[in-house]
J.: 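After the structure tokens below, expect a handful of questions from me.
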Amino acid sequence: MGSPTRVPRRVPAIETRLPPIAVDYRDVAVEAGLTAVNVSGGEDKKKYILETTGSGVAIFDFDGDGWMDIFLANGTTLDGGGKGEKATGHLYRNLGHLRFQDVTASAGLARSGWGQGVCAGDYDNDGHPDLFVTYYGHSVLYHNEGNGVFQDVTAASGVRSEAVRWDTGCSWFDYDNDGRLDLVVTAYLEFDRAKVPEPGSGSYCIWKGIPVMCGPRGLPFTRNLLFHNEGGGRFSDVSAASGIGKPATCYGFTVVTSDFDGDGFSDLYVACDSTPSLLYHNRGNGTFEEIGLLAGVALNENGQEQGGMGVAVADYDEDGFFDIVKTNFSDDVPNLYHNNGNGTFEDRVFESGLGGTMEYVGWGVHLLDADHDGRKDLLMINGHVYPEVEQNPEIHYRQPRLFYWNVGGGKFKDISKTAGPGINEPWSSRGSAAGDLDNDGSLEVVVNNMGARPSLLKNFGPRKNWLLVRAVGVKCNRDAVGARAYVYVGNRRLSGEVQTSSSFVSQNDPRLHFGLADDARYDRIEVAWPGGERESFPGGAANQVVTLKQGAGTPARARAGG
């Protein structure tokens, strides 16, 4: 992990006449019943890199009752004993009003192992979201039976890998627009305890003079996977034929799907650790070409490799093109890759005001509208990888979160210190997911913390009007993954895209959240469905959840920039 130490540029001051917003994030996990402890190897010392990467979170409605539920992936210990003996992932059923019940055992999800990432998607279009969990060892596909129980169908579906792999990120998406969700899986590296050097034994095993676990540099690469959905619950491995399995030069973490160039086919962006990140362009014929360097999203502005971890994809400045935020290792800044609309990106991290902090290791990341003013703010989740850094009084394993207010004009302002105790309390965190867990129009954030219970961050600050949009596909995949919704209100157009992976190896609420500011009504919603159809739906009152079903609107024409 990590990247070359860089000399920080002078960060331009963010000028704004807007009044500061009042954000007050508090951790209400204990009151909500989210108490299961994450286990990931040793707590005070990490001998192997496997113990450091942590686990993801998924927010999805597994039982279809209209309340978003939570799945937390979990790890174990190297010998499978102690706390690791009974460590499993945890499925929490939402009882309403921010109260949750652990239903892991009854749901059939009580599996122990080195759980990493998670993504949910209705791959057979039966109306029940299924679950894919990545592992070091063998990843698992769980079919949602619709009765509160999940069935392990990994082998029967054709997605089981016979070889031991260290899978990390995953995402459901329909890359060929045939109406069925396909599955992409990223991998970190080839890990063999018998072949990994001891901490402190080489240049890749020392950090700032402290002996630490080795890697990822110096350890062998592995390959990413793509499975095509053939229907009937079966998948075929098209990794080689599609080109997804070709670049074996990435220590891969989070993968996010989005149609970055607006050609109607979903592309893939992969955050890579200590290596150039990848952008797979979808050619539309079943194959992909890797164009990260050409597009400007592989390295930082100085041409340096970075320790990429988490990814958020959204149109932060509402210019019609979807942008990329990537978190990185410490002694570096994140990336804000602005989509130029011509197939290229420009890193605007310093111009935007996001380049002022370099001491944290970033993992989860979210573009979300905390105050409902119609602009997407930025939340970053942090935590160091080496517990041993506590030997240095200036560096800490547990780190606070960062919150940046979107002031408009492509600029952000760091208001972390006044954003509430949920932001300022230090944790060593990894995966995180955002969603409206109590259906009050405000997004909560669930965070998976190393060696501790999860966090549930709720904003108790003032908020304005809002809208939640649930898209349901008919001709396209039922989850409408890849669909983009545009809400028109006054002289503004607000955008969102249905995705099944984001943050750090995690998944957000599939419903799209829009802040409507002082507007009590919205004018209309236009949806660009996967496959090219575009529909318009009539306006209505703010502060509600709206379900839009493909075919129920009226045909609409596409506009420039979306």
Side-chain angles (χ1 to χ4, degrees), residues 29 32-40 54-76 87-95 98-123 128-135 139-154 167-172 181 183 185 254 363-364 381 429-437 444-449 453-457 479 481 499-511:
L34 304 181
T35 58
V37 174
N38 172 270
V39 178
S40 192
S55 305
V57 185
I59 292 177
F60 70 118
D61 183 6
F62 84 91
D63 54 0
D65 64 356
W67 297 93
M68 290 291 137
D69 309 298
I70 301 169
F71 180 83
L72 292 147
N74 203 354
T76 182
T88 73
H90 288 271
L91 178 65
Y92 283 98
R93 181 172 181 264
N94 193 334
L95 303 177
L98 283 187
R99 295 293 184 271
F100 293 85
Q101 176 187 12
D102 190 332
V103 296
T104 308
S106 62
L109 297 176
R111 183 180 192 270
S112 296
W114 287 99
Q116 302 287 290
V118 57
C119 54
D122 184 4
Y123 71 83
H128 308 295
D130 311 296
L131 202 62
F132 188 80
V133 185
T134 64
Y135 282 87
S139 298
V140 181
L141 174 59
Y142 293 101
H143 180 260
N144 187 337
E145 300 293 303
N147 57 359
V149 176
F150 289 81
Q151 183 73 30
D152 183 346
V153 296
T154 313
D167 292 337
T168 47
C170 62
S171 185
W172 297 100
L181 289 178
L183 177 66
V185 182
T254 308
W363 298 89
I381 307 298
S429 304
R430 298 297 186 264
S432 58
D436 187 357
L437 297 175
E444 286 74 49
V445 181
V446 181
V447 185
N448 217 333
N449 298 312
R453 63 161 176 82
S455 298
L456 173 53
L457 306 182
D479 287 343
V481 175
Q499 302 165 352
T500 67
S501 179
S502 190
S503 185
F504 175 70
V505 297
S506 297
Q507 175 169 323
N508 298 324
D509 187 336
R511 301 171 301 179

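As the structure is a computational prediction, the values presented were derived from the model and not from experiment.
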J.: List the steps, then state whether side-chain contact (heavy atoms from CB on, under 4.5 Å) holds for T500 with F60.
T.: CA-CA 10 Å; T500 67; F60 70 118; over 6 Å; no
J.: Identify the heavy atoms of S112 and A87 that sit nearest to each other, and give their distance.
T.: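 So the two residues come closest at OG-O, 2.7 Å.
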J.: Looking at G364 and S432, what are the two nearest heavy atoms and their distance?
T.: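 The answer is CA-OG, 3.5 Å.
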J.: Looking at every non-hydrogen atom in both residues, tell me the closest pair between V447 and L457 and how far apart they are.
T.: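 Closest pair (atom of V447, atom of L457, distance): CG2-CD1, 4.3 Å.
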J.: Between R111 and Y142, is NZ or CZ placed under 6.0 angstrom from the six-membered ring centre and within 45° of the ring axis?
T.: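 Not flagged: R111 not positioned over aromatic ring of Y142.
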J.: Under a 4.0 Å threshold between the charged nitrogen and the carboxylate oxygen, would D61 count as salt-bridged to R511?
T.: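 Salt bridge: no.
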J.: So, taking the atom named CG in L72 and the one named CG in L109, what distance separates them when rounded to the nearest 0.5 Å?
T.: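 These two atoms lie 12.0 Å from each other.
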J.: How many angstroms lie between atom CH2 of W172 and atom CG of L181, to the nearest 0.5 angstrom?
T.: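 Reported value, rounded in 0.5 Å steps: 7.0 Å.
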J.: Do L437 and L456 have side-chain heavy atoms sitting under 4.5 Å apart?
T.: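 A side-chain contact under 4.5 Å exists here.
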J.: Checking side-chain hydrogen bond (donor to acceptor under 3.5 Å, both in side chains) for the pair T134/S139: CA distance, chi angles, key distance, verdict?
T.: CA-CA 4 Å; T134 64; S139 298; 5.1 Å; no
J.: Restricting to non-hydrogen atoms, name the atom on A110 and the atom on T88 that form the minimum distance, rounded to 0.1 Å.
T.: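 So the two residues come closest at C-CG2, 3.9 Å.
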J.: Strictly distance-based, threshold 3.5 Å: is any side-chain N or O of N144 a donor or acceptor partner for the main-chain N or O of P129?
T.: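 Yes: the side chain of N144 pairs with the backbone of P129.
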J.: Examine distances only and state if a side-chain atom of D509 and a backbone atom of I59 form a donor-acceptor pair shorter than 3.5 Å.
T.: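 The answer is no, because no donor-acceptor pair under 3.5 Å joins these two groups.
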J.: Give me the atom names and distance for the closest heavy-atom approach of Y92 to T35.
T.: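 Nearest pair, atom of Y92 first, then T35: OH-N, 3.4 Å.
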J.: Using 0.5 Å steps for rounding, measure from the NE2 atom of H143 to the CD atom of Q151.
T.: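 Reported value, rounded in 0.5 Å steps: 9.5 Å.
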J.: Rounded to the nearest 0.5 Å, how far apart are NE2 of H90 and OG1 of T104?
T.: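 It comes to 5.5 Å.
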J.: Looking at CD of Q116 and OH of Y135, how far apart are the two atoms once the value is rounded to the nearest 0.5 Å?
T.: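 The CD atom of Q116 sits 10.0 Å away from the OH atom of Y135.
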J.: Are side-chain heavy atoms of R430 and S506 found at a separation under 4.5 Å?
T.: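 Result no, sub-4.5 Å side-chain heavy-atom pair not found.
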J.: Mind checking whether F62 and F150 have parallel, tilted or perpendicular rings, split at 30° and 60°?
T.: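 Tilted.
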J.: Answer yes or no: is there a donor N or O on one side and an acceptor on the other, between the side chain of T254 and the main chain of V505, under 3.5 Å?
T.: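 Yes: the side chain of T254 pairs with the backbone of V505.
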J.: Hey, does the side chain of N448 reach the backbone of V57 with a donor-acceptor pair shorter than 3.5 angstrom?
T.: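 A pair under 3.5 Å: no.
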J.: Between F132 and L183, is any pair of side-chain heavy atoms under 4.5 Å apart?
T.: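 Side-chain contact under 4.5 Å: yes.
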J.: Do you know the tightest heavy-atom contact between V185 and D167?
T.: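 Looking at all heavy atoms of both residues, the closest pair is CG1-CG, 3.6 Å.
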J.: For D122 and D479, indicate whether the former's side chain and the latter's backbone hold a donor-acceptor pair under 3.5 Å.
T.: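 No: the side chain of D122 does not pair with the backbone of D479.
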J.: Can any side-chain N or O of S503 pair as donor or acceptor with the backbone N or O of A433 at less than 3.5 Å?
T.: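 Flag not set: sc S503 to bb A433 has no pair under 3.5 Å.
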J.: Report yes or no: does T154 contribute a side-chain atom to a donor-acceptor pair with the main-chain N or O of L141 at less than 3.5 Å?
T.: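 Side chain of T154 to backbone of L141: a pair is present.
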J.: May I ask you to decide if N508's main-chain N or O and S502's side chain share a donor-acceptor pair within less than 3.5 Å?
T.: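 Checking the backbone N and O of N508 against the side chain of S502, no donor-acceptor pair under 3.5 Å is found.
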J.: Looking at CG of N74 and CG of N38, how far apart are the two atoms once the value is rounded to the nearest 0.5 Å?
T.: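 Spacing of CG (N74) from CG (N38) equals 4.5 Å.
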